[in-house]
Amino acid sequence: MRRFLNFLYDAAAWLAALAMIGVLVMVLTSIIGRLLHFHLPGTDAYAGYSMAAAGFLALAHTLKKGEHIRVTLLIGRLQGSARRAMEMWSLSVAVLLAALFAYYACRLVWQSHEFNDMSTSNDATPLWIPQLSMAVGAVILLIAFIDEWVLELLGQRSHEGHADDEALHNE
């Protein structure tokens with residue numbers, strides 16, 4: 001199961017990287033089009049869709065690598081069972097919020113498909129298509145939070161890089 005979950009998080013990260021390349025391609029196409037006096041309709045919209053896909057698809061991988069911003073002011077001072085209880089509470093809230101986010105993201109995709117919702121820009125893309133990356137990213141983030149919750153419950157969650165190395169991530 002661990003290999004599958006790690007593959008899922010890595011695959012989502014690779015898709016996010018491809019989406020970032022999509023942003024680059026759309027922006028370069030728009031710039032080159034202006035220089036050579038041609039316009040490819042929809043480049044701005046597709047750059048935006050790709051940017052959203054990159055952001056949402058990268059969430060779970062970022063969480064699993066310990067790179068999400070955490071406020072460790074309180075939890076960093078706790079030790080033992082108090083710290084474990086606070087971690088479980090925090091992860092439980094995160095699972096609940098991620099579940100709500102995933103539910104409403106999937107619901108939005110379904111409603112956009114049902115109502116045949118179209119982009120208002122000149123590309124006229126059915127909105128459920130770019131919204132799908134948001135829903136997939138939200139569901140994978142939910143899976144990652146559940147994974148973290150179970151690891152913490154079993155006492156297998158690594159706390160390296162969370163509180164002790166926080167000073168290294170200050171910018």
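Among all heavy-atom pairs drawn from Val23 and Ala47, the shortest one is CG2-O, 3.6 Å. Closest approach of Val139 and Cys106 over heavy atoms only: CG2-SG, 3.7 Å. When every heavy atom of Ala135 is checked against every heavy atom of Val109, the shortest pair comes out as CB-CG2, 3.8 Å. Counting all heavy atoms, side chain and backbone alike, Gly76 lies closest to Arg83 at CA-NH1, 4.1 Å. Smallest separation of non-hydrogen atoms from Met20 and Ala54: SD-CB, 3.5 Å. Minimum interatomic distance between Ala13 and His61 (heavy atoms only, all atoms of both residues): CB-CG, 3.5 Å.
Side-chain N or O atoms of Arg84 include one that pairs as donor or acceptor with a backbone N or O of Leu153 at under 3.5 Å. The closest donor-acceptor contact from the side chain of Ser30 to the backbone of Met26 lies at 3.5 Å or more, if one exists at all.
Both Val150 and Leu141 belong to a common hydrophobic cluster when Ile, Leu, Val, Met, Phe, Trp and Tyr are linked at side-chain heavy-atom distances under 4.5 angstrom. Using a 4.5 Å cut-off between side-chain heavy atoms of Ile, Leu, Val, Met, Phe, Trp and Tyr, with links allowed through other members, Phe101 and Leu91 fall into the same hydrophobic cluster. A chain of hydrophobic side-chain contacts below 4.5 Å, direct or via other Ile, Leu, Val, Met, Phe, Trp or Tyr residues, connects Val93 to Met86. Note on Leu59: it clusters hydrophobically with Trp149, by side-chain heavy-atom contacts below 4.5 Å among ILVMFWY residues. Under the 4.5 Å side-chain heavy-atom criterion for ILVMFWY residues, a single connected hydrophobic cluster contains both Met88 and Leu142.
Residues Tyr9 and Leu5 meet the side-chain proximity criterion, which asks for heavy atoms closer than 4.5 Å. When side chains are defined from C-beta on, Leu57 counts as touching Val136, because their heavy atoms get closer than 4.5 Å. Counting only heavy atoms from C-beta outward, the side chains of Tyr46 and Thr125 approach each other to under 4.5 Å. Contact of the Arg2 side chain with the Leu151 side chain is registered, since non-hydrogen atoms from C-beta on lie closer than 4.5 Å.
At a cut-off of 3.5 Å, with distance as the only test, no side-chain donor of Tyr49 or Ser133 sits close to an acceptor on the other residue.
Relative ring orientation between His68 and Phe145 is described as perpendicular, the plane-to-plane angle rising above 60° on a 0-90° scale split at 30° and 60°.
Surrounding CD of Gln79 are at most 12 heavy atoms belonging to other residues, nucleotides or ligands under 6.0 Å away.
Note: Asp44 CG to Thr29 OG1 = 11.0 Å, rounded to the nearest 0.5 Å. Here the CG-CG distance, from Leu15 to Asp10, works out to 11.0 Å after rounding to the nearest 0.5 Å. The line from CD1 of Ile21 to CG of Leu28 is 11.5 Å long, rounded to the nearest 0.5 Å. From Met51, atom CE reaches atom CG of Leu24 across 10.5 Å, with rounding to the nearest 0.5 Å. Taking OH of Tyr104 as the start and CE of Met134 as the end, the distance is 13.0 Å to the nearest 0.5 Å. The OG atom of Ser119 sits 10.0 Å away from atom CD of Gln131, with the distance rounded to the nearest 0.5 Å.
Ring centroid separation for the pair Phe7 and Phe4 does not come in under the 6.0 Å cut-off.
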